[in-house]
Amino acid sequence: MPKPHIPLEELRAQVATCRRCPLADGRTQTVFGDGNPDARVLFIGEAPGKNEDLQGVPFVGAAGQNLNQLLEIAGLKREDVFIANVLKCRPPGNRDPRPEEIEVCTPFLREQTRTINPEFIVTLGNFATKFVLKTEVGITRLHGTLQQAGRFKVFPIYHPAAAIYDRTKWAALENDFATLGELLKQ
Ligand code: URA
């Protein structure tokens with residue numbers, strides 16, 4: 001028999017009091033995720049940044065502005081999709097997530113994914129892609145290619161923050177979000 005799903009609000013409450021790793025000491029609050037609990041598409045980013053930590057909502061800073069523009073290209077609105085991160089707490093100075101943080105935090109993401117049960121998972125950047133696909137192949141090779149993980153279609157895309165520092169990534173992001181829009185029409 002399949003395991004029962006944990007309701008999202010119950011998961012949100014579990015995340016809010018989590019003390020599984022030292023990132024709990026530095027956070028303003030956890031960033032559980034946001035959007036439609038019945039979404040067809042689940043976006044997974046890396047970890048909250050400064051603005052997300054302050055507001056408790058994913059992708060509200062500069063990367064979020066980019067993401068909002070890109071969602072439009074795919075014909076999506078934020079309220080249609082669910083947006084979550086690999087880590088629920090901000091790493092200090094926005095450093096990369098550490099393997100031990102990913103290990104203790106991702107059971108929450110796994111449960112979120114089971115509960116939302118999306119058709120597509122869009123992984124934004126290397127950390128989400130490596131976690132979902134269990135691969136060491138980097139985002140530079142995988143972006144824009146349709147993959148499968150269990151029952152989920154997985155579509156890796158560069159992290160929207162990549163275009164903040166490297167404008168040449170913007171064309172690839174636009175192109176991949178346009179492809180995502182086409183995949184969603186099928
Ligand atoms: N970058 C991420 O990966 N996630 C956020 O929520 C914000 C910035």
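First listed ligand is number 1; within each ligand, the first listed atom is number 1. Since we're looking at a predicted model, the values are computed, not measured.
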### Message
Out of all atoms in ligand 1, which are within 4.0 Å of some heavy atom of Pro58? Include the element for each.
### Response
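Atoms satisfying the 4.0 Å criterion: 6 (O).
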### Query
Taking NZ, NE, NH1 and NH2 as the nitrogens, is one of them in Asp80 or Lys77 under 4.0 Å from a carboxylate oxygen of the other?
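No, this pair does not count.
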Check each of [options] against [atom] and report the one with the nearest heavy atom.
atom                   : options              : result
atom 1 (N) of ligand 1 : Lys50, Glu46, His159 : His159
atom 5 (C) of ligand 1 : Ala47, Gly49, Gly45  : Ala47
atom 6 (O) of ligand 1 : Asn85, Val60, Asn51  : Asn85

### Query
Ile157 and Phe82: same hydrophobic cluster, using ILVMFWY side-chain contacts below 4.5 Å?
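In one cluster: no.
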### Query
Hey, does the side chain of Glu101 reach the backbone of Arg98 with a donor-acceptor pair shorter than 3.5 angstrom?
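Such a contact is found between Glu101 side chain and Arg98 backbone.
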### Side-chain donor/acceptor of Arg114 to backbone N/O of His5, under 3.5 Å
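Not a single qualifying donor-acceptor pair exists.
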